[in-house]
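Step one of this worksheet: look at the structure below.
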Number of protein chains: 2
Amino acid sequence: MDGQTERPARDGEDGATRRRLPPAERRQQIVDEAVRFFAEVGLEGKTRELARRLGVTQSLIFNYFATKDELIDAVYEKVYIGRLSPAWPERLTDRSVPLRDRLLAFYSEYSALIFEREWMRIFMFSGLAGASLNRRYLEHLGDVILLPLLAETEALAQTDAPPKMEDVWNLHGGIVYIGIRQHIYRMPKPAKPQEEIARAIDKYLLYFGIDSEN
Amino acid sequence: MDGQTERPARDGEDGATRRRLPPAERRQQIVDEAVRFFAEVGLEGKTRELARRLGVTQSLIFNYFATKDELIDAVYEKVYIGRLSPAWPERLTDRSVPLRDRLLAFYSEYSALIFEREWMRIFMFSGLAGASLNRRYLEHLGDVILLPLLAETEALAQTDAPPKMEDVWNLHGGIVYIGIRQHIYRMPKPAKPQEEIARAIDKYLLYFGIDSEN
DNA sequence: AATGTTATTGAGCAGATGATCTTTAAAAGC
DNA sequence: GCTTTTAAAGATCATCTGCTCAATAACATT
């Protein structure tokens with residue numbers, strides 16, 4: 001009768017739900033909930049409240065993480081990891097594809113990854129806290145995405161005034177700001193974010209006289 | 001000898017510097033330091049640390065503010081107030097001036113007001129905390145600045161596709177992002193922010209085929 | 001079914017934290 | 001110079017918070 005569906009499943013009640021998970025699984029469960037929790041309330045969220053949400057004692061958390069900082073590092077790692085795919089630099093510089101299409105593809109995929117409440121908020125919290133991972137991420141983004149993007153723009157620009165790194169940051173910032181409005185300020189989500197991204201890209205390309213066929 | 005320059009001025013030492021200010025003055029001194037303090041460490045900064053920075057006992061703070069939340073409200077008020085001058089809506093819609101000039105004037109003045117570490121960070125902290133003042137500010141900004149800006153753009157746009165509110169937000173976001181990079185992420189300040197703002201505005205106007213004379 | 005392993009609990013500690021209240025002393029009035 | 005007023009300090013409280021550790025009980029092995 002209860003071969004697979006173990007445990008009385010007495011939900012809502014505390015303490016009775018389930019116990020004794022394999023350590024790796026429990027650890028992951030804690031990190032997953034911590035991501036949600038800290039994203040919501042900030043990195044100063046209390047471990048007791050996190051334990052309550054997990055339906056677990058507070059001391060259990062310290063069985064898996066020596067300190068709260070260590071837990072926060074695990075949260076950072078989980079959230080930051082894989083956010084910048086290593087395939088993009090190459091795809092962004094593939095000149096057999098029109099730049100507009102490359103930009104559309106990149107920001108379509110990238111926005112799907114970052115327009116996510118948990119990422120947006122933890123990124124902002126960690127940025128405000130001056131976390132080194134945050135700085136490294138932005139440096140990496142600049143080096144590996146935006147700088148190549150500048151080079152691609154330069155190669156195609158029809159204007160006498162050359163594109164500058166600030167122009168790329170402006171394009172990037174205008175797009176990221178969509179997510180900031182939605183997840184940090186909790187303003188309503190635009191009806192068609194992809195369309196707004198496309199318009200931002202077209203504004204950028206038009207400014208440098210780059211045709212959509214190039 | 002010490003007619004005006006009262007007090008031994010034994011600086012650096014604690015407790016001896018000065019005492020018994022007029023209440024209004026002391027209150028303001030506390031709020032001023034609290035703005036700096038909370039902007040730096042976040043709204044969860046401890047009252048004891050704030051008191052230490054003020055060279056004053058912690059209990060004194062509670063002589064002027066019943067609760068910490070009340071102090072934070074005072075900080076919000078001080079920081080949010082006067083950030084959106086009531087003169088702008090009128091100036092932004094003055095069609096005797098070219099739209100480009102109006103935009104340049106607005107964002108020149110506005111950026112001078114908001115590209116300020118204290119404002120930027122407290123705005124972000126309060127936004128993350130879901131403070132109602134933050135939401136109201138953004139609503140107000142939308143109604144009183146961006147919406148009129150949309151109307152002005154519509155009136156001059158030469159394109160068949162009409163300008164959308166999202167375009168104005170994109171312009172705004174791209175500019176604000178300069179300040180976010182600088183003060184939230186602590187990245188280096190652009191060499192000439194005003195120039196970058198001008199370029200952002202020109203990208204915007206060009207996209208709608210609006211000439212700089214109009 | 002009995003046993004051993006160890007994930008989880010429960011009780012608790014030391015220091016921090018917002019807030020209170022009594023005491024002290026700086027400045028104003030006389 | 002003495003008194004009065006009240007800003008500020010000092011001591012302290014109740015609760016919270018990260019963290020520890022010994023006791024318990026869930027699951028695997030036999």
Side-chain angles (χ1 to χ4, degrees), chain A residues 2-10 13-34 37-38 41-75 129, chain B residues 2-11 13-34 37-38 40-75 129:
Chain A
D2 59 345
Q4 191 67 278
T5 321
E6 302 163 4
R7 229 63 55 203
R10 198 142 47 91
E13 204 66 60
D14 53 341
T17 336
R18 188 185 298 218
R19 282 174 54 173
R20 220 178 165 80
L21 291 189
E25 195 178 325
R26 176 69 76 183
R27 188 192 153 94
Q28 195 181 328
Q29 185 199 47
I30 293 175
V31 175
D32 288 352
E33 188 65 40
F37 176 58
F38 289 135
V41 309
L43 302 172
E44 320 236 359
K46 316 303 177 185
T47 55
R48 276 177 176 81
E49 165 73 3
L50 170 59
R52 205 189 51 75
R53 295 195 185 200
L54 281 159
V56 134
T57 11
Q58 181 235 15
S59 60
L60 185 65
I61 293 171
F62 289 94
N63 216 321
Y64 290 86
F65 303 92
T67 65
K68 188 188 169 185
D69 274 342
E70 205 175 278
L71 171 60
I72 289 177
D73 282 345
V75 166
Chain B
D2 59 345
Q4 190 68 279
T5 320
E6 302 164 3
R7 230 62 57 202
R10 197 142 46 91
D11 218 329
E13 206 65 60
D14 53 343
T17 335
R18 187 185 298 217
R19 285 174 54 171
R20 219 177 165 79
L21 293 189
E25 193 176 328
R26 176 69 71 175
R27 189 191 153 92
Q28 194 181 329
Q29 184 199 46
I30 293 175
V31 175
D32 288 352
E33 188 64 40
F37 176 58
F38 288 135
E40 185 183 328
V41 307
L43 302 171
E44 319 236 0
K46 316 302 177 186
T47 55
R48 276 177 175 81
E49 165 72 4
L50 170 59
R52 205 189 50 76
R53 294 196 187 199
L54 281 159
V56 133
T57 20
Q58 180 238 12
S59 62
L60 186 64
I61 293 170
F62 289 93
N63 217 322
Y64 291 86
F65 304 92
T67 65
K68 189 187 168 186
D69 275 342
E70 204 174 279
L71 170 60
I72 290 178
D73 283 345
V75 166

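Heavy-atom basis, side chains included; hydrogens, waters and symmetry copies ignored. Sequence lines set the chain letters: A, B, ... in the order given, protein chains first and strands last, and positions in each chain run from 1.
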Measure from the side chain of [X], starting at C-beta and using heavy atoms only, and say which of [options] lies closest.
{"X": "A/Arg20", "options": "D/dC27, C/dG10, D/dC19", "answer": "D/dC27"}
{"X": "A/Arg26", "options": "C/dT8, C/dG18, D/dT5", "answer": "C/dT8"}
{"X": "A/Lys46", "options": "C/dG18, D/dA7, D/dT17", "answer": "D/dT17"}

Tell me: [atom1] of [X] to [atom2] of [N], nearest whole Å?
{"X": "B/Arg52", "N": "D/dA9", "atom1": "CZ", "atom2": "C1'", "value": "18 Å"}
{"X": "B/Glu49", "N": "C/dG18", "atom1": "CD", "atom2": "C1'", "value": "16 Å"}
{"X": "B/Leu71", "N": "C/dG18", "atom1": "CG", "atom2": "C1'", "value": "12 Å"}
{"X": "A/Leu21", "N": "C/dT5", "atom1": "CG", "atom2": "P", "value": "22 Å"}
{"X": "B/Leu50", "N": "C/dA16", "atom1": "CG", "atom2": "P", "value": "18 Å"}
{"X": "B/Gln58", "N": "C/dA19", "atom1": "CD", "atom2": "C1'", "value": "7 Å"}
{"X": "B/Arg48", "N": "D/dC16", "atom1": "CZ", "atom2": "C1'", "value": "12 Å"}
{"X": "B/Glu44", "N": "C/dG18", "atom1": "CD", "atom2": "C1'", "value": "13 Å"}

key: OP1 or OP2 of C/dT8 under 4.0 Å from side-chain N/O of A/Thr57   = no
query = Which residues satisfy the salt bridge (Lys or Arg N to Asp or Glu O under 4.0 Å) test with B/Asp32, sequence neighbours excluded?
reply = B/Lys78
ask   = Base, sugar-phosphate alone, or nothing: which one does B/Pro22 contact when heavy atoms must sit under 4.0 Å apart?
value = nothing
ask   = So which pairs with a foot in residues 44-62 of chain A pass side chain to side chain donor-acceptor pair (under 3.5 Å), sequence neighbours left out?
value = A/Glu40-A/Arg53, A/Thr47-A/Gln58, A/Glu49-A/Arg52, A/Glu49-A/Arg53
Atom pair CG (B/Asn63) and CZ (B/Arg27), whose distance is rounded to the nearest 0.5 Å = 11.5 Å
inquiry  = Let me confirm one number: the CD1-CG distance from A/Ile72 to A/Leu43, rounded to the nearest 0.5 Å.
reply    = 5.0 Å
request  = State which residues pass side chain to side chain contact (heavy atoms under 4.5 Å, CB included) with B/Glu70; sequence neighbours excluded, sorted by chain then number.
outcome  = B/Phe65, B/Ala66, B/Thr67
request  = Could you provide the dot-bracket string of DNA chain C, using ( ) for intrastrand pairs, [ ] for crossing pairs and | for bases paired to another strand, with Watson-Crick or G-U pairs below 3.5 Å?
outcome  = ||||||||||||||||||||||||||||||
query = Hey, mind stepping through B/Val56 and B/Ile30 against side-chain contact (heavy atoms from CB on, under 4.5 Å) and telling me if it holds?
reply = CA-CA 10 Å; B/Val56 133; B/Ile30 293 175; 5.8 Å; no
message = Can you list, in residue-number order, the parts of residues 59-67 of chain B that come under 4.0 Å of DNA chain D, counting heavy atoms only?
response = B/Ser59, B/Leu60, B/Asn63, B/Tyr64
request  = Decide yes or no on side-chain contact (heavy atoms from CB on, under 4.5 Å) for B/Ile61 and B/Lys68, but give the supporting numbers first.
outcome  = CA-CA 9 Å; B/Ile61 293 170; B/Lys68 189 187 168 186; over 6 Å; no
inquiry  = Please determine whether side-chain contact (heavy atoms from CB on, under 4.5 Å) holds for the pair B/Leu71 and B/Phe38, giving the CA-CA distance in whole Å, both sets of side-chain angles, and the decisive distance to 0.1 Å.
reply    = CA-CA 11 Å; B/Leu71 170 60; B/Phe38 288 135; 4.1 Å; yes
Would you tabulate the pairs of protein nitrogen or oxygen atoms and nucleotide nitrogen or oxygen atoms of nucleotides 28-30 of chain D closer than 3.5 angstrom?
none

